[in-house]
Novice: 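This structure is in structure tokens; I'll ask about it shortly.
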Amino acid sequence: MNLQPEEWVRQHCVLYLTNEKKYPKSLINVEKELVVNSLKKRYDIVVFNSDGSIHLIVECKSYKVNINQDTFDQIARYNLALNANYLMVTNGTKHYYCQMDYKNKRYQFLKDIPVYNI
């Protein structure tokens, strides 16, 4: 079975989240629809907290796609509807992580996302 490049990245990211970061599979949701500003969009990966709030949104791109400001703008638009604690953007070779600071209306880039500890 040949995977499309973005699907390859998505599946490897789920493995990273479950194997390396110890996130329970039961809290990971893949490729679901959401509505942002009356437009239907699809997110790649969402990791929930045990209380149902959203811990992490992941935007996966093909390894052929360079990650740039447009990519961050896309995940930021999704986050307007989801209010995640963390955002991750990956193309399978480069990974970017940030933590949301809603009080000060900004985000801070991180070297990595935290290991599951809830």
Novice: Quick check for you: to the nearest 0.5 Å, what is the distance between Leu17 atom CG and Leu27 atom CG?
Specialist: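 The CG atom of Leu27 is 11.0 Å from CG of Leu17, to the nearest 0.5 Å.
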Novice: Check for a donor-acceptor pair, side chain of Asp101 on one end and backbone N or O of Lys105 on the other, with a separation under 3.5 Å.
Specialist: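 Not confirmed, Asp101 side chain does not pair with Lys105 backbone.
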Novice: Kindly say whether Gly52 contributes a backbone atom to a donor-acceptor pair with the side chain of Asn49 at under 3.5 angstrom?
Specialist: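 Looks like no, no N/O pair under 3.5 Å.
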Novice: Got a second to check how far Thr90's OG1 is from Asp44's CG, nearest 0.5 Å?
Specialist: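 Answer for the OG1-CG pair, Thr90 versus Asp44, is 10.0 Å.
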Novice: Can you find a heavy atom in the side chain of Val89 that is under 4.5 Å from one in the side chain of His95?
Specialist: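 They are not in contact (no side-chain heavy atoms under 4.5 Å apart), so the answer is no.
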Novice: Partners of Asp112 by salt bridge (Lys or Arg N to Asp or Glu O under 4.0 Å), sequence neighbours excluded?
Specialist: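 Partners of Asp112 under the salt bridge (Lys or Arg N to Asp or Glu O under 4.0 Å) test: Lys21.
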Novice: Can you find a pair of side-chain heavy atoms, one from Ile28 and one from Val46, that are under 4.5 Å apart?
Specialist: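 No, too far: nothing below the 4.5 Å cut-off.
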Novice: Honestly curious: do Val65 and Tyr78 fall in one hydrophobic cluster under the side-chain, below-4.5 Å linking rule?
Specialist: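 As far as the 4.5 Å side-chain criterion goes, Tyr78 and Val65 are not connected within one cluster.
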Novice: I'd like to check Glu59 versus Tyr43 (side-chain heavy atoms, cut-off strictly below 4.5 Å). Are they in contact?
Specialist: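 No, every pair of side-chain atoms sits at 4.5 Å or beyond.
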Novice: Kindly write out the residues that satisfy ring pair (Phe, Tyr, Trp, His ring centres under 6.0 Å) with Tyr102, not counting sequence neighbours, or none if the list is empty.
Specialist: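 Testing Tyr102 for ring pair (Phe, Tyr, Trp, His ring centres under 6.0 Å), a comparison that skips the adjacent residues, returns none.
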Novice: Go through Glu31 and Glu7 one step at a time and tell me if the side chain to side chain contact (heavy atoms under 4.5 Å, CB included) criterion holds.
Specialist: CA-CA 10 Å; Glu31 279 202 303; Glu7 181 60 24; 4.2 Å; yes
Novice: State whether the side chain of Asn29 and the backbone N or O of Lys32 hold a donor-acceptor pair below 3.5 Å, judged by distance alone.
Specialist: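 It does not hold such a pair.
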Novice: Using a 4.5 Å cut-off on heavy atoms from C-beta on, say whether the side chain of Lys61 contacts that of Gln74.
Specialist: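 A side-chain contact under 4.5 Å exists here.
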Novice: For Arg10 and Cys60, work out which heavy atoms get closest and say how close.
Specialist: CA-SG, 3.7 Å
Novice: If we count only N and O atoms by modelled type, under 3.5 Å, do the side chains of Gln69 and Asp73 hold a donor and an acceptor together?
Specialist: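 Yes, side-chain donor-acceptor contact under 3.5 Å.
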Novice: To the nearest 0.5 Å, what is the distance between CD on Gln4 and OG on Ser62?
Specialist: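 Answer rounded to 0.5 Å: 9.0 Å.
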Novice: Could you pull out all residues at least two apart from Ser26 that satisfy side-chain hydrogen bond (donor to acceptor under 3.5 Å, both in side chains)?
Specialist: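 Listed in chain order: nothing, the list is empty.
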Novice: What's the separation between atom CG in Asn117 and atom NZ in Lys22, rounded to the nearest 0.5 Å?
Specialist: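 Asn117 CG to Lys22 NZ: 13.5 Å, rounded to 0.5 Å.
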Novice: Atom CG in Asn79, atom CD1 in Ile54: separation rounded to 0.5 Å?
Specialist: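 Asn79 atom CG to Ile54 atom CD1 measures 8.0 Å (nearest 0.5 Å).
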Novice: Would a hydrophobic clustering, with Ile, Leu, Val, Met, Phe, Trp and Tyr connected at side-chain separations under 4.5 Å, put Ile67 with Tyr107?
Specialist: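 Shared cluster, yes.
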Novice: Considering only heavy atoms from C-beta outward, does the side chain of Ser53 approach that of Asn83 to under 4.5 Å?
Specialist: no
Novice: List for me each residue that meets side-chain hydrogen bond (donor to acceptor under 3.5 Å, both in side chains) alongside Tyr23, sequence neighbours excluded, and say none if there are none.
Specialist: His55
Novice: The criterion is side-chain hydrogen bond (donor to acceptor under 3.5 Å, both in side chains); which residues satisfy it with Gln99, sequence neighbours excluded?
Specialist: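 Expected list: Tyr86.
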Novice: Let me check something: do Met88 and Val30 share a hydrophobic cluster, defined by ILVMFWY side-chain heavy atoms less than 4.5 Å apart, either directly or through other members?
Specialist: yes
Novice: Only one of Leu82, Ile113, Ile75, Leu110 passes side-chain contact (heavy atoms from CB on, under 4.5 Å) with Leu87; say which it is.
Specialist: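 The side-chain contact (heavy atoms from CB on, under 4.5 Å) with Leu87 is passed solely by Ile75 among Leu82, Ile113, Ile75, Leu110.
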Novice: Could you work out, with side chain to side chain contact (heavy atoms under 4.5 Å, CB included) as the rule, every residue matching Glu20, not counting sequence neighbours?
Specialist: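 Counting only residues at least two positions away or on another chain, Glu20 forms a side chain to side chain contact (heavy atoms under 4.5 Å, CB included) with Tyr16.
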Novice: Is there a path of hydrophobic side-chain contacts, each under 4.5 Å between heavy atoms, that joins Ile57 and Phe109?
Specialist: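 Yes, same cluster.
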Novice: Does the side chain of Val9 come within less than 4.5 Å of Asn91's, by heavy atoms?
Specialist: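 When only atoms from C-beta onward are counted, Val9 and Asn91 do not touch, as no gap falls below 4.5 Å.
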Novice: Starting from Phe48, can I reach Met100 by hopping between I/L/V/M/F/W/Y residues whose side chains sit under 4.5 Å apart?
Specialist: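 Hydrophobic grouping puts Met100 with Phe48.
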